[in-house]
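Taking it in order: structure first as C-alpha cells, then the write-up.
For the numbers below, each heavy atom of this structure counts, side chains included, while hydrogens, waters and symmetry mates do not. These numbers come from a predicted model, not from an experiment.
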Amino acid sequence: MEITTHNHEGRQELQLQGRLDANWADRVGQAIEMAIQSGHHQVDLEFTRVDYVSSAGIRVLLKYHKQLKAVRGALRVVRPTAGVLEVLQLSGIAAMLVAKLESNEPEKSSVAPAAPPPNPPRRWEEDGLEFELHTLGPEAELVGHLHGRPEAFAEGNLSASRNHELRCEADWVAVGLGAFGRTADQGKGRYGETLAVAGAAVSMPTDGSSVPDYQVTEGRLIPEMQMLYGLSAQGAFSRLIRFEAGRSPRGVIGLSGLVARVFETLPAPAAAFVIVAETAGLVGGTLLRSPDQSAGQSPLAFPEVRDWMNFTTERANERQVALIVGFAEKSPSPDSLPFLRRIGPGTPAQGHFHAAVFPYRPLPKGRLDLAETVPPLLNTGTAITVLHLLADEREFEGVGETDFMRGACWFSPLRKFGHAPQN
Amino acid sequence: MNTGYSCDVANNFDALPAAMAGLSRWLEEQSVAPAASYLASLALEELVTNCIKYGYDDTAAHVIQIHLQLAGGEMIMTVEDDGHPFNPLEQAEPDTNLPIEERPIGGLGIHMLRKMSDRMEYVRENGKNRVTLHKILNP
C-alpha cells in the first residue's frame, strides 16, 4: 500500500494504492489520524488504485467516518473501482461514504452546511497564527470570588475546618485545591488540583489514586466541592476565540500568548477563561499529598516539596486534549495577588490556570457551545490527570510554558475579585 | 480447465500477508475473473482472521488449510481448521440498514462472503470446520 497526501481545495486527499486489508488497515488509519491531527476535518480517500477492501479496511473507514462526523467534518471515498464499490454497497456504507462526483469535479461537501451564525466571526492572522473571534453576548461578564488563603498552603496551615463549599452550577467556573463532597469531612485527606466548568468538575485526589475523579451534572444532581482555597466566578462568557497554530513558524501558541491576544480584544483589567485545546505540551505541577494533612510543615520547603508536588520536568501530554479553567489579571490587587502567578513570557498579566487532560480527540471547527463541549469530554474520555499550569522560565534548565496546537477559548471580563464570605 | 491450488496457513497474523500474496499470484496466473478473485482473497483473509482470533484456546501452532479448484466453470474454495466448532452460516446477519452509529462492528466479513458467493456451505467433520464457497466463473 502506498499513501500520498495532497491538499485539494481545503480538503485533505489521501491517494491510496494497493490493498486495504488487515495488513494495511492500521497504516491507513494512522494516515487519516495524522490528517485529522493536523487540523483537517474534510478528508477524501482517493480509491482509483485500491483494488481490494476487506472488513478490516471497512472498520477503519467506519471509525474515522464516525470520528469526523462528530466534529461536523466528513470522510469520503472518492472514485472506487467497481469491485470495491460492490463491497462497500454490500456493507451498507457506500451511500454515506462514497462521494458523488459529476464530470470528475468534486461535489461540495456532502454534509449540509451549518446554519450561518447570527454574528459572523472576525478572522485575522498574526505571525502565522490564525484567529477567529465570535461574539457570544457583548455585555456578558463574570463576577469573581476569592476563597481561602493560599498563603496558608505555603505555611502548612491549610485546614479543612476553614474550607469553602462550591456548588458547581452551569454558570460557575472555578479552580483551586478541592475535593468532592458535601462536608469538610468528606474531603479530608483527598484535597487536590480541581477545576469546575459548565456544571462539571474534575479533581485529582491526593489519597494515592492515580486517576482524577469527575462529576457531571445529571438532572438536579449538581457536583458539590469542598475547597481549601481557590478562585471562582459566576456569569456568562462574552466571546469565543478559535486559534490555529498549525501554519505558524513554531506550530504552537503558548498559554501566555493566548492570554495576551484575549486582553488585546478585551478592554478589561481581569478575565476568566475556559480553554479546550489540542496540546503541544503542558508545563505545571500536580499536588501529591493533601495539604490539610501538612500539620504546620510547609509543603514548599526543600526537599519536602518533592513529596508534595510532582512538577513536569519536560513538556508533558503532547497531542492530547486539555480542558483548562483559569483567571488572569493585569495588575493584581493585594487581595488577589496571593492567588496569581506569572503566566509566561507572552504577557505581564498574572493568572491561575488548571488543566484536566484527556486522550486526543479532534474538536469541531467554528462556533462552539461551551455547555455542549465540556460534558461529552468528561463523559466519553477518562481524564488522565489534572495540572496547575506553571511556566518554568528559568534561563537554562526551564522547560518553558504550556503550548497548544489549536483550540477554543471562551472568555469574559471578570468584574470584582473579592473575598467570598466564608461558610 | 481443471486446476487447483492449496496452501497451509499457520494460525498467526504474521503468516497472513505471505498467504494472501501467494493466492493473489496464482489467481492472476490463472486469469480468474475479478469477482471470483476478490471473493477468494476475501475468504482467505476473513476466515483465517476469524480462526486466529476466536478459533483456539491453546497457544499451540495450528494449520488452516486452503484449497481452491477451478472446474466446470466454477471456483470452489474450501477453508478447513481444527478450531472450536464454528458455523459461519448460523451467524446473525448484520443489519446494514441501521444508522451507522448504531451498527455493531463484527460479522461483516462473513456477511460479505455470503453475499458475494453463489453458495456457501459448512460441515463439521473429524474435529474440523470446513467452509466451502462456490462462485460461478462466467455467469
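- Side-chain contact check for B:Y38 versus A:V53: some heavy-atom pair is nearer than 4.5 Å.
- Within a 6.0 Å sphere centred on CD of B:E28, heavy atoms belonging to other residues, nucleotides or ligands number 12 at most.
- By the 4.5 Å heavy-atom criterion applied to side chains, B:S24 and A:R19 are counted as neighbours.
- Contacts with chain B were tallied for A:A82, A:S54, A:A95; A:S54 has the most, counting heavy-atom pairs under 4.5 Å.
- Your options are B:M20, B:E45, B:E46, B:M116, and the one with the most heavy-atom pairs under 4.5 Å with chain A is B:E45.
- Heavy-atom distances place the side chain of A:N23, and not its backbone, under 4.5 Å from chain B.
- At most 12 heavy atoms of other shown residues, nucleotides or ligands fall within 6.0 angstrom of atom NZ in B:K115.
- Taking CG of A:D21 as the start and CG of B:L16 as the end, the distance is 7.5 Å to the nearest 0.5 Å.
- Put simply, CG on B:L108 and OG on A:S91 are 4.5 Å apart, with the number rounded to the nearest 0.5 Å.
- B:M112 contributes atom CE, which lies 6.0 Å from atom OG of A:S55 (distance to the nearest 0.5 angstrom).
- Here the closest heavy-atom approach between residue B:H111 and residue A:L90 is recorded as NE2-O, 3.0 Å.
- Atom OH of B:Y54 has 12 or fewer heavy atoms from other residues, nucleotides or ligands within 6.0 Å.
- Atom CZ of A:R49 has 12 or fewer heavy atoms from other residues, nucleotides or ligands within 6.0 Å.
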